[in-house]
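Here the structure comes first, spelled out in structure tokens, and everything after it is commentary.
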Amino acid sequence: MLSLKGLRQSYGAREVLALESFEAAAGEHWLVLGASGSGKTTFLNLAAGLLKPSAGEIRIDGQPLAKLEGAALDRWRGRTVGIVPQKLHLVSSLSVMQNLLLAPYLADLPVDRGRAGSLLQQLGLEEHAEKMPHQLSHGQAQRVAIARAVMNRPKLLLADEPTANLDDENCSVSLDLLKNQSMECGATLIVATHDQRAKARFEKVLQL
């Protein structure tokens, strides 16, 4: 599903990521572990096609990302990759339901209210569908961000520091949600974190 070869990312003379090879098969769950500044977020942004590497090749489901640009890249990303950023970036002027429906709209896919409603029900958010993001707790907002990330049934689900600033119980809940939702849509899951508590929950670990 995800194949990286000879990957390098530099800013000027400073190299922030060097990875000779990495492969994640369809449906696998991976943890990318490393201290702050080790390149975890850069890794996710490269895998999502949000950054172009200084060197190397990235393929997702056989598609070389270097061959996609502009609107074609955005459309591909919207249909193939789900992203749960560390800062959740819910659109403040849209309701919870509208935030979910934005995902297929931006990917030029049919807007499926039934899918959105089903996700909100699965994540215990159905009564919050018409609320605005500022009316949600942090945990509720995170669940909305996960629902939005899997709305289009992505092949690759990426999460950046999803357990940051969470206590042990909510750390476990957050990881369960990501794993369960990735399995529900058959996605490869990659979680990047410096949180050592997550290590016991993953069999496959990439240490940066």
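This chain uses plain numbering: 1 for the first residue, then up along the sequence. This structure is a prediction, so every number in the text was calculated from the model and none was measured.
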field: CA sep, side-chain torsions, deciding dist, call: D108, R75, salt bridge (Lys or Arg N to Asp or Glu O under 4.0 Å)
entry: CA-CA 7 Å; D108 199 23; R75 197 161 44 248; 5.2 Å; no
message: If hydrophobic clusters are built by linking Ile, Leu, Val, Met, Phe, Trp and Tyr wherever their side-chain heavy atoms come under 4.5 Å apart, do L31 and L2 end up in the same one?
response: no
- request: Before giving the answer on side-chain contact (heavy atoms from CB on, under 4.5 Å), spell out for V96 and E130 the whole-Å C-alpha distance, their side-chain angles and the decisive distance to 0.1 Å.
  value: CA-CA 6 Å; V96 166; E130 300 309 317; over 6 Å; no
task: Flag the pair R201 / D176 as yes when at least one side-chain heavy-atom distance between them is below 4.5 Å, and no otherwise.
output: yes
field: Spacing of C185 atom SG and N180 atom CG [to the nearest 0.5 Å]
entry: 11.0 Å
- request: State whether the side chain of R115 and the backbone N or O of M151 hold a donor-acceptor pair below 3.5 Å, judged by distance alone.
  value: yes
- prompt: Would you say S172's side chain and E169's backbone share a donor-acceptor pair under 3.5 angstrom?
  reply: no
message: Could you see if V150 belongs to whatever hydrophobic cluster contains L106? Use Ile, Leu, Val, Met, Phe, Trp, Tyr and a side-chain cutoff under 4.5 Å.
response: yes
- prompt: Would a distance-only check, ignoring hydrogens and angles, find a side-chain to backbone donor-acceptor pair under 3.5 Å from S10 to G12?
  reply: no
- prompt: Between V81 and V144, is there a shared hydrophobic cluster once you connect ILVMFWY residues whose side-chain heavy atoms come closer than 4.5 Å?
  reply: no
task: Return yes when atom CD of E23 has more than 12 non-hydrogen atoms of other residues, nucleotides or ligands closer than 6.0 Å, and no otherwise.
output: no
query: How far apart are the closest heavy atoms of N152 and A103, and which atoms are they?
result: ND2-O, 3.2 Å
query: Is there side-chain contact between R197 and D168, with heavy atoms separated by less than 4.5 Å?
result: yes
message: With a 4.5 Å cut-off on side-chain heavy atoms, are L189 and E28 touching?
response: no
Under 3.5 Å: donor-acceptor pair, side chain of R79, backbone of A107: yes
- prompt: Does the N99 side chain pair with the main chain of V91, one donor and one acceptor, at a distance under 3.5 Å?
  reply: yes
task: Verify the neighbour count for atom CZ of R113: are there more than 12 heavy atoms of other residues, nucleotides or ligands below 6.0 Å?
output: no
Inter- and intrachain pairs under ring pair (Phe, Tyr, Trp, His ring centres under 6.0 Å), touching residues 85-109, at least two apart: none
- request: With rounding to the nearest 0.5 Å, note down the distance linking CG in L178 to CG in L158.
  value: 10.5 Å
- request: Work out which heavy atom in A149 is nearest to a heavy atom in L157; give both atom names and the distance.
  value: CB-CD1, 3.8 Å
message: Keeping N170 on the side-chain end and V173 on the backbone end, is there a donor-acceptor pair under 3.5 Å?
response: no
message: Within the 3.5 Å criterion, strictly below it, is a donor on S92 or H134 matched to an acceptor on the partner's side chain?
response: no
task: Could you tell me whether the side chain of T188 and the main chain of M1 form a donor-acceptor pair under 3.5 Å?
output: no
- prompt: Are V191 and L44 connected in the hydrophobic side-chain network, where two residues link if heavy atoms are under 4.5 Å apart?
  reply: no
message: Check for me, please, whether L65 and V32 land in the same ILVMFWY cluster - side-chain distances under 4.5 Å, paths through other members count.
response: yes
- prompt: If you round to the nearest 0.5 Å, how far is OG of S38 from CG of L208?
  reply: 5.0 Å
- prompt: Under 4.5 Å between any side-chain heavy atoms of H138 and R143, yes or no?
  reply: no
- request: Looking only at non-hydrogen atoms, find the nearest pair between T42 and Q9 and report the distance.
  value: CG2-CG, 3.6 Å
- prompt: Okay, side chain of Q121, backbone of S118: is any donor-acceptor separation there less than 3.5 Å?
  reply: no
- prompt: Would V16 and R14 satisfy side-chain contact (heavy atoms from CB on, under 4.5 Å), going step by step from the backbone distance to the final call?
  reply: CA-CA 6 Å; V16 296; R14 185 169 67 94; 3.3 Å; yes
- prompt: Is there a donor-acceptor contact under 3.5 Å from the side chain of Q63 to the main chain of I60?
  reply: no
task: Write down the atom of I83, the atom of A48, and the distance for their closest heavy-atom approach.
output: CD1-CB, 3.8 Å
field: NZ/NE/NH1/NH2 to OD/OE distance under 4.0 Å, R8 and E20
entry: yes
- request: Under the ring-ring contact (aromatic ring centres under 6.0 Å, His included) rule, collect the residues that match up with F22, sequence neighbours excluded.
  value: W30, F43
Heavy-atom pair of closest approach, residues S182 and H29: OG-NE2, 3.0 Å
- request: Of all the heavy-atom pairs spanning R59 and P64, show the shortest one and how long it is.
  value: NH1-CG, 3.5 Å
query: OG/S3 to CD1/I58 distance, rounded to the nearest 0.5 angstrom?
result: 10.0 Å
query: Is atom CD of E127 surrounded by more than 12 heavy atoms (other residues, nucleotides or ligands) closer than 6.0 Å?
result: no
message: Has S174 got a side-chain atom pairing as donor or acceptor with T163's backbone, closer than 3.5 angstrom?
response: no
message: Strictly below 4.0 Å, N to O, side chains only: are D74 and R77 in salt-bridge contact?
response: yes
task: Please assess M97 against L120 for the test side-chain contact (heavy atoms from CB on, under 4.5 Å), listing each intermediate value before the final yes or no.
output: CA-CA 8 Å; M97 174 62 80; L120 292 177; 4.0 Å; yes
field: Contacts of H194 that satisfy side-chain hydrogen bond (donor to acceptor under 3.5 Å, both in side chains) - sequence neighbours left out
entry: E161
task: Establish, from distance only, whether the side-chain atoms of Q122 and Q181 form a donor-acceptor pair under 3.5 Å.
output: yes
message: Set out, in order, the CA-CA distance, both residues' side-chain angles and the distance that settles side-chain contact (heavy atoms from CB on, under 4.5 Å) for D61 and L156, then state yes or no.
response: CA-CA 9 Å; D61 198 24; L156 180 63; over 6 Å; no
- prompt: In terms of side-chain geometry, is the basic nitrogen of D160 or K40 positioned less than 4.0 Å from the acidic oxygen of its partner?
  reply: no
Atom pair CG/CG of L4 and L206 - distance to nearest 0.5 Å: 9.0 Å
message: Tell me if the NZ atom of K199 is crowded by more than 12 foreign heavy atoms within 6.0 Å.
response: no
message: Are P162 and Q142 packed together at the side-chain level, in the sense that at least one heavy-atom pair is separated by less than 4.5 angstrom?
response: yes
task: Give, for atom CG of L50 and atom CG of N45, the distance between the pair rounded to the nearest 0.5 Å.
output: 5.0 Å
